[in-house]
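In what follows, a single structure is set out as structure tokens and then discussed.
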There are 2 protein chains.
Amino acid sequence: METGDNIKEAVDVLQQLGLKEYEAQCFVGLSQVPSGTAKKLSEMTDVPRTRVYDAVRVLESEGLVEIQHSSPQRFRAVSMSEATETLRNQYDARVDRLQSALDSIQMDTDDDESSIQEVWSMAGSTAIENRTNTLLSQAQSEVVLVIADESLLTERLVAKLNGTDDGVDLLVGAVSESVRTHVQDVIPRATTFVSGLEWLHEGDADTDETAIGRLVLIDRSTILVSSIVPSTGEEHAVFGEGFGNGLVVIARRLMSQGQFTADN
Amino acid sequence: METGDNIKEAVDVLQQLGLKEYEAQCFVGLSQVPSGTAKKLSEMTDVPRTRVYDAVRVLESEGLVEIQHSSPQRFRAVSMSEATETLRNQYDARVDRLQSALDSIQMDTDDDESSIQEVWSMAGSTAIENRTNTLLSQAQSEVVLVIADESLLTERLVAKLNGTDDGVDLLVGAVSESVRTHVQDVIPRATTFVSGLEWLHEGDADTDETAIGRLVLIDRSTILVSSIVPSTGEEHAVFGEGFGNGLVVIARRLMSQGQFTADN
DNA sequence: ATTCAAGTTCACTCATTTAATCACAAAAAT
DNA sequence: ATTTTTGTGATTAAATGAGTGAACTTGAAT
């Protein structure tokens, strides 16, 4: 059922946004009718009638629902645009509060006696994309980027690449010729090539091995390699810094062995 | 203690953003130090050492923390800007998903045999501000606005007011002369006045009565009145639509009795 | 006035989730 | 070799939320 799934999806997202199940269901229910009573709502959702009142009251206090104090009470959802706006404002406000709370806690500046030989792991596509961005901003002389999948070439990434300093060499590799030409189109100043690294696209369909997502090498001294785990589709990454870092050394070695072949 | 409170605040906000207590504490702990082990973390926060691992693993999967798989493992938080960016992206993505899920559910268009004599209540400053905005957009001929407190005159509200169609009369009332002149400054095209309604600012300090926050009357047929509950500081509002609506009638009556006196 | 039904609130149980503790194996350090 | 750290897993306890039913209002109908 089409709408049924969408309803479930909406309830789901609302719960992720912090609403309880009853609250989410009531809100979605109300968003389908101009207004409704507790009875009507409990019929169209599977919220027990006696609990509709609680749920709706919470929703009202959060600015998502209006209540008419008549008998029977009537409820109605605020407009979609008002609701999403309210939710977004709420979250933005929270992130802002977090930011200022953390800002006011100064960090212990024991130097991190580290960097060399450390390999860090992280996960999550957005986080990895953010890190990629941060790294690109730090580039002084060279950026080597290999992307396995066209979908990873987001607008934001393209913008960032095009915005890098002119003194920075931009080498962008793709796994296939078609992706390469596309990359060359959107990032004219880059030197593009088709990666000669076979292991980059092991794990396509047939094999169940994890495939490489992106590879970022900055100034030959910082590297990030991500992979997509086939079962969940999640993106994981490893990250190393420092010219002498083992991971970085390996990456340089691979390059100098001519595995990366520039085509133009 | 200054930072102690800020730490609590940060943990609190992170929980509101969906993290569990241990996760929130670990993240805040890590954000105070370049990198740390489970032991160190459990000492600086009050997360049991044996549970640091779980918490940090979740944080990693959410892109907020990096893990170095050595022995002992070392953890570090991503930079503040990356963290807030990741969180914000995550939330925006959710709100977007909600929007499209709800969009695809069309609403039952049984006419709402309503409007007249209905009074709805809602709560939450942002929601009320959003509704105010929506109402201002709908104005055809006249807007009467009375604000009790200068703080309610947000940038957004001012922009909205200045952006209303020229054919719409703009009457803005303030509770004091000083607020009035300020209003006149930022909204030149408005006709401003000092509200003669004493009950608007009953409940200042001494009395514990709830004070009126804002009063919005659109085209003499839609009204919204909000009040601030003194104990919690929350803003609540009542809202009525339709020329014949009781609340609207009362509002018109008050106006025509000369309670609102234009000064210029 | 009394009764009845619908509307509403409240209190309580059960299930799930999360916090907190413990026992133990593996790894490092002494 | 022995003793401390480090990491995993299981287990208990506390808190939260879902689900249910009794009881109390209210307004309409007898």
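No experiment lies behind these values; they were computed from the predicted model shown. Just so we're on the same page: letters track the sequence lines, and every chain starts at 1.
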Check: Is the distance from OP1 or OP2 of D/dT8 to the nearest side-chain N or O of B/Arg57 less than 4.0 Å?
Finding: yes
Margin query: Name the residue from B/Val238, B/Val146, B/Val216 that meets the side chain to side chain contact (heavy atoms under 4.5 Å, CB included) definition with B/Val225.
Written below: B/Val238
Notebook entry, point to check: Just how far, in rounded Å, is P of C/dA28 from NZ of B/Lys39?
Noted result: 16 Å
Notebook entry, point to check: Would A/Arg131 count as a cation-pi partner of A/Phe239, with NZ or CZ less than 6.0 Å from the six-membered ring centre and within 45° of the ring normal?
Noted result: yes
Check: Nearest-Å distance, CG (B/Leu41) to P (D/dT5)?
Finding: 17 Å
Next item on the list: With side chain to side chain donor-acceptor pair (under 3.5 Å) as the test, would you mind laying out the steps for B/Asp149 and B/Ser151 before giving the verdict?
Entry: CA-CA 5 Å; B/Asp149 195 278; B/Ser151 68; 2.6 Å; yes
Margin query: Can you list, in residue-number order, the parts of residues 58-67 of chain A that come under 4.0 Å of DNA chain C, counting heavy atoms only?
Written below: none
Next item on the list: On the 0 to 90° scale, with breaks at 30° and 60°, tag the B/Phe75-B/Tyr53 ring pair as parallel, tilted or perpendicular.
Entry: perpendicular
Note to self: Protein within reach of the bases, or only the backbone? For nucleotides 16-28 of chain D, mark each nucleotide 5' to 3' as B, S or -, using heavy atoms under 4.0 Å.
What the structure shows: -SBBBB-------
Margin query: How many whole angstroms separate atom CD of A/Gln73 from atom P of C/dA6?
Written below: 18 Å
Note to self: Output the rounded distance in Å from CZ (B/Arg49) to P (D/dG9).
What the structure shows: 14 Å
Checklist line | For A/Val249, side chain to side chain contact (heavy atoms under 4.5 Å, CB included) partners two or more places apart | finding: A/Arg252, A/Arg253
Note to self: Is the shortest side-chain heavy-atom distance between B/Leu14 and B/Glu23 below 4.5 Å?
What the structure shows: no
Checklist line | Nearest-angstrom distance from the residue atom NE2 of B/His69 to P of C/dA27 | finding: 16 Å
Next item on the list: Answer yes or no for A/Arg220 and A/Phe243: cation-pi contact, defined as NZ/CZ to six-membered ring centre under 6.0 Å and angle to ring axis within 45°.
Entry: no
Check: side chain to side chain contact (heavy atoms under 4.5 Å, CB included) between A/Glu66 and A/Glu60: does it pass, once the steps are laid out?
Finding: CA-CA 6 Å; A/Glu66 295 165 83; A/Glu60 193 226 355; 5.9 Å; no
Checklist line | Length of the line joining B/Leu14:CG and C/dT18:P, which is rounded to integer Å | finding: 16 Å
Notebook entry, point to check: If you look at every strand shown and take non-hydrogen atoms under 4.0 Å, does B/Ser42 touch a base, only sugar-phosphate, or nothing?
Noted result: nothing
Notebook entry, point to check: Rounding to a whole Å, what distance do you find between B/Asp54:CG and D/dG7:C1'?
Noted result: 10 Å
Next item on the list: Could you verify whether a donor N or O on one side chain and an acceptor N or O on the other, from A/Thr126 and B/Asn89, lie under 3.5 Å apart?
Entry: no
Notebook entry, point to check: Whole-Å distance between C/dA11 C1' and A/Tyr53 OH?
Noted result: 17 Å
